[in-house]
Number of protein chains: 2
Amino acid sequence: MLEKKQIRKTPFRQEVLKLFKASKNAISLKEIERNLTSFDRITLYRTLKLFIEKGLIHEVLHSSGKKYALCKEQCDEHQHQHNHLHFHCSSCKESFCLKTHIQDLNLTGYIIEQTDLSVHGVCKKCNN
Amino acid sequence: MLEKKQIRKTPFRQEVLKLFKASKNAISLKEIERNLTSFDRITLYRTLKLFIEKGLIHEVLHSSGKKYALCKEQCDEHQHQHNHLHFHCSSCKESFCLKTHIQDLNLTGYIIEQTDLSVHGVCKKCNN
DNA sequence: TTTAAAATCGCAACAATGTTGCATTATTAT
DNA sequence: ATAATAATGCAACATTGTTGCGATTTTAAA
Ligand SMILES: [Zn+2]
Ligand SMILES: [Zn+2]
Ligand SMILES: [Zn+2]
Ligand SMILES: [Zn+2]
């Protein structure tokens, strides 16, 4: 998986990737740090930056901070192509990547490279 | 305008609001700081926080940092209700609030409180 | 296998932004 | 005018982002 994205395989990167694979939802920097046996802050920073650049993970933006999640689509070093939305639950604070289709946006004259749809509310589980 | 949003009128807040009124697009913290005659970092931080809480301005999220823009809709202390998208131009680095209609999202079981659509690309002006 | 090149890592150092407490000052209502 | 209330300015600290550089590790070549 790392090789496929042209990322050199190292023990630390494998551990970080393993963490992402085990995470159902997007995870914050703190959550990542908590779940690593040991880590260097800067190395982790550069690892995440590289993973993003290579199209392995993508950022999930939120007013209170960033989260990160594996890319499910065909993202690469040139572009992130996501057609899913990010749902932020105000109750459990989780951020989900949900499949959806964003309509064609009527933006004549603009070149659209990437769209990100962020939705805030209460998720299925918390709405029971 | 401040009174309408139940924000106490002070010289500093008036100057910040004036800045927002004069800005066509969303502005970053640095841009705000650059355009104030003098400022205290913490007071500015709290002013922006208050303006957001009271529904006077809204955050415009971007991977490289936040920007802020006046709310054009009927936002208040309870909720921000935006139906526009944020276009981030990779050329001029400006962030525009553009009017659009977001389709009904097929999210059965979820409670939707707020949606934010962020689009990255090249704006009209830079695409000439 | 040995060696050289290239990339990664770990640390220091610093920048930017976010956040709280508290004493002082300004605003508002009585 | 006075008292209550809120805003301000400062110190202090937390979090995250970012770069440089030497040491270490990985990869490729000889
Ligand atoms: Zn992606
Ligand atoms: Zn996602
Ligand atoms: Zn708003
Ligand atoms: Zn906007």
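So you know, we letter chains A, B, ... as the sequences are listed, proteins then strands, and number each from 1. Bear in mind the structure is a predicted one, so any value in this text is a computation, not a measurement.
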K.L.:
Quick check on the 6.0 Å ring-centre criterion: do A/H86 and A/H120 meet it?
P.N.:
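A/H86 vs A/H120: aromatic centres not under 6.0 Å.
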K.L.:
Starting at the 5' end of DNA chain C, which residue's closest nucleotide do you reach first, B/L29 or B/R8?
P.N.:
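Closest to the 5' end, via its nearest nucleotide, is B/L29.
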K.L.:
Looking only at the side chain of B/T47 (C-beta and beyond, no hydrogens), which of the listed nucleotides D/dT19, C/dG18, D/dT8 gets closest?
P.N.:
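Output: D/dT8.
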K.L.:
Applying a 4.0 Å non-hydrogen cut-off, can you work out what B/R13 is touching in the nucleic acid: base, sugar-phosphate, or nothing?
P.N.:
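The answer is sugar-phosphate, as B/R13 gets under 4.0 Å only of primed atoms, P, OP1 or OP2.
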K.L.:
If the cut-off is 4.0 Å, is B/T10 near the phosphate of C/dA26, judged by side-chain N/O to OP1 or OP2?
P.N.:
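False: B/T10 side-chain N/O out of range (4.0 Å or more) of C/dA26 OP1/OP2.
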K.L.:
For B/L50 and D/dA6, what is the distance between atoms CG and C1' respectively, to the nearest whole Å?
P.N.:
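Going from CG in B/L50 over to C1' in D/dA6 covers 11 Å.
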K.L.:
Nearest to the side chain of B/R46, which nucleotide is it out of D/dG9, C/dT8, C/dC9?
P.N.:
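From the listed options, D/dG9 comes nearest.
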K.L.:
Could you check which of C/dT27, D/dA11, C/dT17 has an atom nearest any side-chain atom of B/I42?
P.N.:
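Nearest to the side-chain atoms of B/I42, counting from C-beta on, is D/dA11.
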K.L.:
For B/F51, is there any backbone N or O sitting under 3.5 Å from a side-chain donor or acceptor partner on B/K5?
P.N.:
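No, B/K5 side chain to B/F51 backbone: no donor-acceptor pair under 3.5 Å.
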K.L.:
In whole Å, I'd like the distance from the CD atom of B/Q6 to the P atom of C/dT28.
P.N.:
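The answer, rounded to whole Å, is 14 Å.
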K.L.:
Using whole Å, what does the distance between atom C1' of nucleotide D/dG17 and atom OH of A/Y68 come to?
P.N.:
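After rounding, the reported distance stands at 9 Å.
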K.L.:
Rounded to whole angstroms, how far apart are CZ on A/R34 and P on D/dT15?
P.N.:
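It is 12 Å, rounded to the nearest whole Å.
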K.L.:
Is A/Y45 close enough to D/dT16 that one of its side-chain N or O atoms is under 4.0 Å from OP1 or OP2 there?
P.N.:
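Indeed not, no polar side-chain atom of A/Y45 lies that close.
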K.L.:
How many Å lie between CZ on B/F39 and C1' on D/dA7, as a whole number?
P.N.:
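For the pair B/F39 CZ and D/dA7 C1', the rounded distance is 18 Å.
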K.L.:
Rounded to the nearest angstrom, tell me the gap between atom CG in A/D40 and atom P in C/dA12.
P.N.:
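Rounding to the nearest Å, CG of A/D40 and P of C/dA12 are 10 Å apart.
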K.L.:
For A/E59, is there an ion pair with A/K67 - N to carboxylate O distance below 4.0 angstrom?
P.N.:
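Judged by the 4.0 Å cut-off on N to carboxylate O distance, A/K67 and A/E59 do not form a salt bridge.
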K.L.:
Examine D/dG17: is either OP1 or OP2 under 4.0 Å from a nitrogen or oxygen in the side chain of A/K66? Give yes or no.
P.N.:
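Answer yes for this pair, as a side-chain N or O of A/K66 is under 4.0 Å from OP1 or OP2.
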K.L.:
Roughly how many Å is it from CG in A/L61 to P in D/dT16, rounded to a whole number?
P.N.:
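To the nearest whole Å, that distance equals 15 Å.
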K.L.:
Parallel, tilted or perpendicular: which fits the ring planes of A/H82 and A/H58, with parallel below 30° and perpendicular above 60°?
P.N.:
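Because their plane-to-plane angle is over 60°, the rings of A/H82 and A/H58 count as perpendicular.
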K.L.:
What contact category does B/T43 fall into here, base, sugar-phosphate, or nothing, at under 4.0 angstrom with non-hydrogen atoms?
P.N.:
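The answer is base, as B/T43 lies within the cut-off (heavy atoms under 4.0 Å) of a base atom.
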K.L.:
Could you check how far CD of A/E15 sits from P of C/dC9, rounded to whole Å?
P.N.:
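The distance from CD of A/E15 to P of C/dC9 comes to 12 Å, rounded to the nearest Å.
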K.L.:
Looking for any heavy atom pair under 4.0 Å, which part of the strands does B/R41 touch: base, sugar-phosphate only, or nothing?
P.N.:
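Base contact.
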K.L.:
Quick one, A/T115 and A/L105 - any side-chain contact, counting heavy atoms below 4.5 Å?
P.N.:
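The answer is yes, as the side chains (C-beta and beyond) meet within the 4.5 Å cut-off.
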